[in-house]
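These notes concern the structure reproduced below.
Numbers here are sequence positions counted from 1.
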Amino acid sequence: MARALGEELGQPSEVQDDSSSLGSDSELSGPGPYRQADRYGFIGGSSAEAGTDHPPAELIRQREMQWVEMTLHWEKTMSRRYKKVKLQCRKGIPSALRARCWPLLCGAHVCQREQPGTYQKLVEAPGDPQWMETIGRDLHRQFPLHEMFVSPQGHGQQGLLQVLKAYTLYRPDLGYCQAQGPVAAVLLMHLPPEEAFWCLVQICEVYLPGYYGPQMEAVHLDAEVFTALLRRLLPRVYKHLQQVGVGPLLYLPEWFLCVFARSLPFPTVLRVWDAFLSEGAKVLFRVGLTLVRLALGTAEQRTACPGLLETLGALRAIPPSQLQEEGFMAQVHGVALSERDLQRETRVQLAQLAEAAPGPPPRPRLPGARAIFEAQQLAGAQGGSQPEVPRIVVQPPEEPTPNRRKPQTRGKTFHGLLMRARGPPIEGPPRAHRGSTSFLDTRF
């Protein structure tokens with residue numbers, strides 16, 4: 001497959017360009033070896049320079065302290081204060097704390113804790129020769145001008161080889177997909193190989209299930225969902241794409257499969273990942289709709305793209321000044337697409353695809369960190385070391401006996417109780433006592 005909002009979603013804001021490093025697409029020019037790496041590790045990039053788009057140092061320190069406090073009490077934070085987590089993710093996780101926060105958000109820390117030693121066994125095991133050969137051919141293509149991945153024998157490429165090989169052994173039915181390379185590379189830029197592996201597992205199996213398998217059935221489904229959202233939110237852009245014959249499979253797979261790692265300036269990529277790991281696949285659709293609007297949102301832009309090649313070129317050549325992190329992410333979060341809207345449209349398109357081509361549907365995905373946290377908590381309660389606790393909590397109280405309101409007073413039952421409690425028998429006719437109100441209201 002090839003690489004892959006109108007006026008209704010608002011106009012792009014003017015943002016100054018700080019010439020941030022792009023991902024792999026920015027490395028095609030190949031700067032000389034004498035140039036230094038920027039603050040993200042890209043050789044020859046200029047992101048290390050102070051830019052007007054960066055928050056002040058005092059604000060960064062304040063956000064770091066907030067994240068430290070939240071991660072120290074993570075379960076309490078996710079249970080009671082998830083809205084704050086989502087808000088802080090939208091503002092951007094501080095660079096110094098992404099290694100701590102990403103595994104917590106995606107639930108990789110739980111997977112690693114519950115399967116100790118699994119990654120090491122996978123690394124030591126021999127890989128499938130077919131997948132090893134394919135992975136080996138792709139290693140040098142992942143961010144070739146990043147200082148981690150410059151040398152074939154460096155720790156970056158070797159770590160990437162281990163992580164990708166481990167996944168093919170962990171899920172032999174799925175094997176290796178080329179789009180996993182950029183995703184794993186971004187993870188390795190921030191995490192040790194074992195933590196990067198478990199984050200990759202969560203992305204492939206929880207956030208985007210069905211994306212990296214042999215059939216890529218979920219990619220085809222989301223392409224139809226994206227088209228339906230375009231038709232509803234950007235009708236003029238949708239009409240133009242239909243006229244020139246540009247379907248979503250010509251540009252969307254690279255965006256979604258790589259989580260935009262090869263399509264945006266790298267600082268913006270990290271901001272997209274912060275929101276994606278917090279809120280799920282909804283963020284990918286919002287980013288995609290924003291990019292389409294920035295490329296084809298005005299009548300002048302559509303007029304300048306009369307054919308398929310011009311339209312695809314416009315989708316891939318959005319000016320970097322419009323993709324800087326603060327202004328771009330503000331537009332992304334302003335897209336009128338909720339999780340409920342996405343799920344409803346997904347059900348509609350899934351039903352239509354089932355009628356056209358019957359087959360097993362893609363596995364449902366969880367909508368972000370909160371759903372993953374709750375699912376892991378539930379799984380831990382059901383399969384943990386204290387299974388009796390939930391049974392005690394949910395045990396219903398015993399129902400009162402139906403004869404409680406009118407106790408049986410015949411015979412010697414109450415006479416015996418009264419005699420043992422009061423000593424001598426009560427004077428007077430027995431029937432007067434059995435018919436008295438005080439006697440009938442007695443409760444034992």
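Here the closest non-hydrogen pair linking L296 and L241 is CD1-CD2, 3.8 Å. Heavy atoms only, all atoms of each residue included: Q202 and C106 are closest at NE2-O, 2.7 Å. Nearest approach of C101 to W67, heavy atoms of both residues: SG-CE3, 3.4 Å. Taking both residues in full, the closest heavy atoms of L174 and G213 are given as CD2-CA, 3.9 Å, listed atom of the first, atom of the second, then distance. Shortest non-hydrogen contact noted between A185 and L160 is N-CD1, 3.8 Å. Shortest non-hydrogen contact noted between C177 and Y212 is CB-O, 3.7 Å.
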side-chain contact (heavy atoms from CB on, under 4.5 Å) between V110 and E114, worked out: CA-CA 6 Å; V110 176; E114 293 180 348; 3.5 Å; yes
Salt bridge (Lys or Arg N to Asp or Glu O under 4.0 Å) between E64 and R61, worked out: CA-CA 5 Å; E64 287 176 347; R61 284 192 292 269; over 6 Å; no
Trace of the side-chain contact (heavy atoms from CB on, under 4.5 Å) decision for E224 with Q352: CA-CA 10 Å; E224 298 299 325; Q352 295 180 1; over 6 Å; no
Verdict with supporting geometry, K282 and D341, side-chain contact (heavy atoms from CB on, under 4.5 Å): CA-CA 9 Å; K282 171 184 65 178; D341 296 335; over 6 Å; no
Working for side-chain contact (heavy atoms from CB on, under 4.5 Å), residues V283 and L277: CA-CA 9 Å; V283 174; L277 294 177; over 6 Å; no
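Applying the salt bridge (Lys or Arg N to Asp or Glu O under 4.0 Å) definition to pairs two or more places apart or across chains, those involving residues 155-172 are R171-E205. Pairs engaging residues 70-87 under the side-chain hydrogen bond (donor to acceptor under 3.5 Å, both in side chains) rule: T71-R100, Y82-S278 [sequence neighbours left out].
Applying the ring pair (Phe, Tyr, Trp, His ring centres under 6.0 Å) test to Y211 and every residue at least two apart in sequence or in another chain returns nothing. Contacts of Q120 classified as side-chain hydrogen bond (donor to acceptor under 3.5 Å, both in side chains), with partners at least two apart in sequence or in another chain: E124.
In this structure, the separation between CD on E195 and NE2 on H109 is 11.0 Å, given to the nearest 0.5 Å. In this structure, H240 NE2 and L234 CG are separated by 12.5 Å, a value rounded to the nearest 0.5 Å. Atom CG of L257 is separated from atom CG of D222 by 10.0 Å, given to the nearest 0.5 angstrom. Rounding to the nearest 0.5 angstrom, the gap separating the CG atom in D138 from the CD atom in Q178 is 4.5 Å. With rounding to the nearest 0.5 Å, the separation of CD in Q162 from CG in L188 is 9.5 Å. The distance from the OG1 atom of T268 to the CD atom of Q322 is 12.0 Å, given to the nearest 0.5 Å.
At a threshold of 4.5 Å between non-hydrogen side-chain atoms, the residues E325 and V269 do not count as touching. Counting only heavy atoms from C-beta outward, the side chains of L289 and V332 never approach each other to under 4.5 Å. Taking the side chain as every heavy atom from C-beta outward, C111 and V201 never approach each other to under 4.5 Å. Taking 4.5 Å as the limit, some side-chain heavy atom of L366 sits within range of a side-chain heavy atom of I372. Inter-residue side-chain proximity for L97 and R63 is flagged as unmet; no heavy-atom pair is nearer than 4.5 Å. With a 4.5 Å cut-off on side-chain heavy atoms, W131 and L169 do not count as touching. Using a 4.5 Å cut-off on side-chain heavy atoms (C-beta onward), H140 and P152 make no contact. Taking the side chain as every heavy atom from C-beta outward, R365 and T346 approach each other to under 4.5 Å.
Listed for the Q324 side chain is a donor-acceptor partner under 3.5 Å among the backbone atoms of P320. For the pair E69 (side chain) and Q66 (backbone), a donor-acceptor distance under 3.5 Å is absent. Of the possible polar contacts, none joining the Q158 side chain to the Q153 backbone as a donor-acceptor pair under 3.5 Å is found. No donor-acceptor pair closer than 3.5 Å links the side chain of R236 to the backbone N or O of G297. No donor-acceptor pair under 3.5 Å is formed between the side chain of H146 and the backbone N or O of G156.
Under the 30°/60° scheme for interplanar angles, the aromatic rings of F256 and F285 are found to stand perpendicular.
Counted within 6.0 Å of CD on Q215, heavy atoms from surrounding residues, nucleotides or ligands total 12 or fewer; the atom is thus considered open.
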Identify all side-chain donor-acceptor contacts of residues 89-96 below 3.5 Å with residues at least two apart in sequence or on another chain.
from, atom 1, to, atom 2, distance (Å)
R90, NE, E279, OE2, 2.8
R90, NH2, E279, OE1, 3.0
S95, OG, R98, NH1, 3.4

Between side-chain atoms of residues 373-380 and protein atoms elsewhere (two or more places apart, or another chain), which donor-acceptor pairs fall under 3.5 Å?
from, atom 1, to, atom 2, distance (Å)
E374, OE2, R370, NE, 3.0
Q376, NE2, G107, O, 3.0

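When each of R347, Q349, Q343 is checked for a side-chain hydrogen bond (donor to acceptor under 3.5 Å, both in side chains) with E345, only Q349 meets the rule.
Taking the six-membered ring for Trp, Y207 and F276 have ring centres closer than 6.0 Å. You'll find the ring centres of Y170 and F197 inside the 6.0 Å limit. In this structure, the ring of W273 has its center no less than 6.0 angstrom from the ring center of F266.
Residues T298 and Q301 bring a donor and an acceptor atom of their side chains to less than 3.5 Å of each other.
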